[in-house]
Amino acid sequence: MDAERRELTNGAIVIRDNVIEFVGNSDAAGRWLSQNNLVPDRQIDASGCVIIPGLVNCHHHLFQTLTRSIGTAQGKSLFDWLQTLYPVWGQMDADAVYISARLGLVELMLSGATTVADHLYLFPNDVRLDDEIRAARELGIRFHPTRGSMSLGQSQGGLPPDDICESEADILIDCERVIREFHDPQPFSMLRIGLAPCSPFSVTAELMRQIAALARRHPGVNLHTHLAETIDENLFCEEKFGMRPLAYMQSLGWTGDDVWFAHMVHLDSEEIDMLAATRSGVCHCPSSNMILASGIAPLREMCDARVRVGLGVDGSASNDGNHLLGEARQAMLLQRVGWPGFESSADRFSARESLELATLGGAAVLGRDDIGSLEVGKAADLVAYRVDGINHAGAGGDVVAALLTCAPTNAWMSVINGRRVLEQGKITGLDLAALVAQHNQHATRLLQKAGVDQGDNYDA
Ligand SMILES: [Zn+2]
């Protein structure tokens, strides 16, 4: 993913501390080391692997791993789906948010993610953004948590129940607090805060404006929200504000290179041009868009217009997975069947373009020029996938494309900020079975508190 999109066979990467110092073939690496009188203190033989930049996830709700595949939410479109799950999420506590973040981040890391943006937008009981930050720090993943919010309850014409909304004063105070306590704008930062009112149908215009002003007082604090996800949302905005979603956001000062929107499914060509002209970013979430039948985003057209676009698993209860390499495959496949008004075409979106979406694309959307590619001076975030196993048997002709054209696998090794966090397919020092068991206890307890019929989901 360097400027020339080079692909090296028999390649080598030299890392010092948390930065890439050399990328080339193995013989050249040996010469470079001896010319510089350097002896590596550790060498890793990754024969049989493809190594790519660590994957970047630009939109997610880690807490939703607690409510995956709930029977009463299945087969529903966005607004009905949300109204089914809001009361369940309203029962969460800090421990549940911490464990669900830990589990979701582990699943993402196993799939090859090295940077994750998350959107936590409800804070019932003792829940704080700090709970998921603790999980990310323990795992050593690069993290962009966004402090979400909902203030427009049903009694004021919004979608969420009043009892899971917060007062706007409390929201602003806590946004300021998490920036002060956690945000690091420096290069190679492991944690940057974003501010993320949930959507046009769950906060007021005034809060949107105030949040934008607050973010812009702090360098590197970017703005994020859901937008143009469904036709229902477009209708809501037209009825309530007399404008389509993107025009509404622009009227609030919510476009620019410090803004990225999740979804952007229902756009016309003028809106695509507006995204490009204002340098506003987009996170494409194909699985969620398919599960909730939201539609097919005009990804091809956005990329051709040079809109900044990245990829997100979204969810986890509208995906219901956290496999970012699998999501890149979905992005590639969904574009091939086109969208209304466009012909289907097998060459409409390639595997390499989709891998770029999940690496360089995501880095650009998060406003980062220090991750997303394997280049000298970039952060040492990389992931290795074995391509000598059953999934890729017979695919030796193009092992790069095979990462997506063949069934997606988990990573064999992952390095984040120079630290090897995943070896031989396992997260270093993690008891995965214990984590899953602990997570499922929280999920069961949550559903019991909310009075949801669990069926046989957790009997095993
Ligand atoms: Zn979302």
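Side chains included, hydrogens not; waters and symmetry mates left out as well; all remaining heavy atoms used. As the structure lists them, so they are numbered: ligands from 1, and atoms in each ligand from 1. All values derive from a computational prediction rather than experimental measurement. Residue indices begin at 1 and follow the sequence shown.
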Could you list the residues that satisfy ring-ring contact (aromatic ring centres under 6.0 Å, His included) with [X], not counting sequence neighbours?
| X | result |
| --- | --- |
| Tyr121 | His61, Phe63, His119 |
| Phe236 | none |
| Phe188 | none |

SB check Arg180 Glu176 (cutoff 4.0 Å):
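Judged by the 4.0 Å cut-off on N to carboxylate O distance, Arg180 and Glu176 do not form a salt bridge.
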Salt bridge or not between Glu132 and Arg102? Use side-chain N to carboxylate O under 4.0 Å.
no
Give me the number of protein N, O or S atoms whose distance to the Zn ion (ligand 1) is under 2.8 Å.
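For the Zn ion (ligand 1), the figure is 4.
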Does Glu327 form a side chain to side chain donor-acceptor pair (under 3.5 Å) with Ser287? I'd like the steps, not just the answer.
CA-CA 7 Å; Glu327 200 67 25; Ser287 292; 2.9 Å; yes
